[in-house]
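This chain uses plain numbering: 1 for the first residue, then up along the sequence.
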Amino acid sequence: MLNDQQGTGRLLDATLEGRPHSVCVYCSASTVVPRQYLTLAAEAGTGIARQGWQLVSGGENVAMMGAIARAARDAGARTVGVVQRALIDRADADADELLVTETMQERKALMEARADAFLVLPGGIGTCEELFTTWTARMVALHAKPFVVLDPDGHYIGLLDWIRDIHARGFVSAHALAAVARTSTVDEAVAACAPRLTPSA
């Protein structure tokens, strides 16, 4: 888990600005994944909503991406979808706010800008790219937001084993390894996404 500082302090969070804590979720938009992953996405959406938080997602209405947005809204959350114009035919038209970008780079940048925490669910190449982009941004101090992987069944175990191996070879720092909170349940993942504290001055 992330080694957050404890004790008195102030929230590094959107709630200071009067808007909901926003969790950006990366997950699969593949329509052929097993149903268990749709269920996982829906449970994550419900978990986010129960905290009174806002969901930021890739703005598509299919597969895991659609499941998490629908579940979040059904449980009372506000949802923000960010979709590339080329994918507008499967955009989440029910999103409370739907933002359309021209390029994938703009899409990812806008999702990152709207997020107070990042949650990675099982996914494929695109999700892995988002995982590494967010991870790299954290390591070069472009953000200090909670960065959480929800992996209940070992989906990412091969990837993370490889990361640990190249850490042993000197290519990845211990600090980088510690930047990711790997969780196995929705409750753990939601807790790891919570607003963080910094020490009071």
Side-chain angles (χ1 to χ4, degrees), residues 1-17 19-28 40-41 44 47-48 51 53-58 64 68 82 104-201:
M1 300 290 288
L2 291 172
N3 296 318
D4 293 344
Q5 296 182 352
Q6 303 296 318
T8 59
R10 65 181 185 84
L11 289 174
L12 273 178
D13 184 62
T15 53
L16 290 176
E17 303 168 7
R19 63 180 178 85
H21 182 67
S22 297
V23 179
C24 175
V25 176
Y26 299 128
C27 61
S28 178
L40 178 68
I48 289 168
Q51 298 299 315
W53 297 345
Q54 177 173 262
L55 172 72
V56 178
S57 74
M64 293 175 70
I68 193 169
V82 185
M104 189 65 72
Q105 290 76 14
E106 291 172 351
R107 180 191 193 188
K108 290 183 293 187
L110 190 51
M111 291 173 71
E112 291 170 6
R114 296 295 294 266
D116 300 305
F118 300 95
L119 176 59
V120 183
L121 273 56
I125 292 172
T127 305
C128 287
E129 192 272 342
E130 291 161 337
L131 184 157
F132 279 114
T133 297
T134 304
W135 199 346
T136 301
R138 170 94 180 235
M139 299 324 301
V140 297
L142 294 180
H143 73 82
K145 302 170 184 178
F147 178 40
V148 183
V149 173
L150 173 56
D151 187 11
D153 64 356
H155 181 83
Y156 288 112
I157 194 167
L159 178 64
L160 296 177
D161 282 349
W162 173 69
I163 293 292
R164 282 188 285 268
D165 178 63
I166 62 174
H167 160 66
R169 297 167 186 261
F171 290 96
V172 174
S173 70
H175 178 57
L177 292 181
V180 182
R182 184 182 175 197
T183 62
S184 59
T185 70
V186 169
D187 286 346
E188 290 174 351
V190 170
C193 287
R196 302 176 61 192
L197 292 169
T198 57
S200 297

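In this structure, the side-chain contact (heavy atoms from CB on, under 4.5 Å) partners of T133, at least two apart in sequence or on a different chain, are E112, E129. For Q105, the side-chain contact (heavy atoms from CB on, under 4.5 Å) partners are T103, not counting sequence neighbours. Taking the side chain to side chain donor-acceptor pair (under 3.5 Å) definition, one finds that T136 meets it with nothing, sequence neighbours left out. A137 pairs by the side-chain contact (heavy atoms from CB on, under 4.5 Å) definition with L142, H143, not counting sequence neighbours. For D153, the side-chain contact (heavy atoms from CB on, under 4.5 Å) criterion is met by Q36, Y37, D151, H155, not counting sequence neighbours.
By the 4.5 Å heavy-atom criterion applied to side chains, V25 and F118 are not counted as neighbours. Side-chain contact check for Y156 versus C128: some heavy-atom pair is nearer than 4.5 Å. Looking at I163 and D161, their side chains never come closer than 4.5 Å, going by heavy atoms from C-beta outward. By the 4.5 Å heavy-atom criterion applied to side chains, W53 and P195 are counted as neighbours. In this structure the side chain of Q51 reaches within 4.5 angstrom of the side chain of V190, judged on heavy atoms.
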- Message: Between V23 and V56, is the side-chain contact (heavy atoms from CB on, under 4.5 Å) condition met? List the steps.
- Response: CA-CA 6 Å; V23 179; V56 178; over 6 Å; no

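For the pair P146 and A192, the tightest heavy-atom approach, listed with the atom from each and the gap, is CB-O, 3.4 Å. Counting all heavy atoms, side chain and backbone alike, P20 lies closest to D116 at O-OD2, 3.8 Å. Looking at every heavy atom in both residues, S184 comes nearest to P152 through O-CB, 3.3 Å. Minimum interatomic distance between A44 and L121 (heavy atoms only, all atoms of both residues): CB-CD2, 4.3 Å. Contact record, I68 with L55: O-CD2, 3.9 Å, taken as the closest heavy-atom pair. Here the closest non-hydrogen pair linking G58 and M111 is N-CE, 3.6 Å.
In this structure a side-chain-to-backbone donor-acceptor pair under 3.5 Å is missing from R182 to V149. Not a single donor-acceptor pair under 3.5 Å links the side chain of W135 to the backbone N or O of A179. A donor-acceptor pair under 3.5 Å is formed between the side chain of K145 and the backbone N or O of A115.
Going from atom CD of Q54 over to atom CZ of R19 covers 7.0 Å, rounded to the nearest 0.5 Å. For the atom pair SG (C193) and NE2 (H21), the distance works out to 6.5 Å, reported to the nearest 0.5 Å. Put simply, OG1 on T127 and CG on L131 are 8.5 Å apart, with the number rounded to the nearest 0.5 Å. Considering CG of L150 and SG of C27, their distance stands at 10.5 Å, rounded to 0.5 Å. In this structure, OG1 in T134 is found 13.0 Å from CE in M139, a value given to the nearest 0.5 Å. To the nearest 0.5 Å, the span separating CD1 on I166 from CG on L177 amounts to 9.0 Å.
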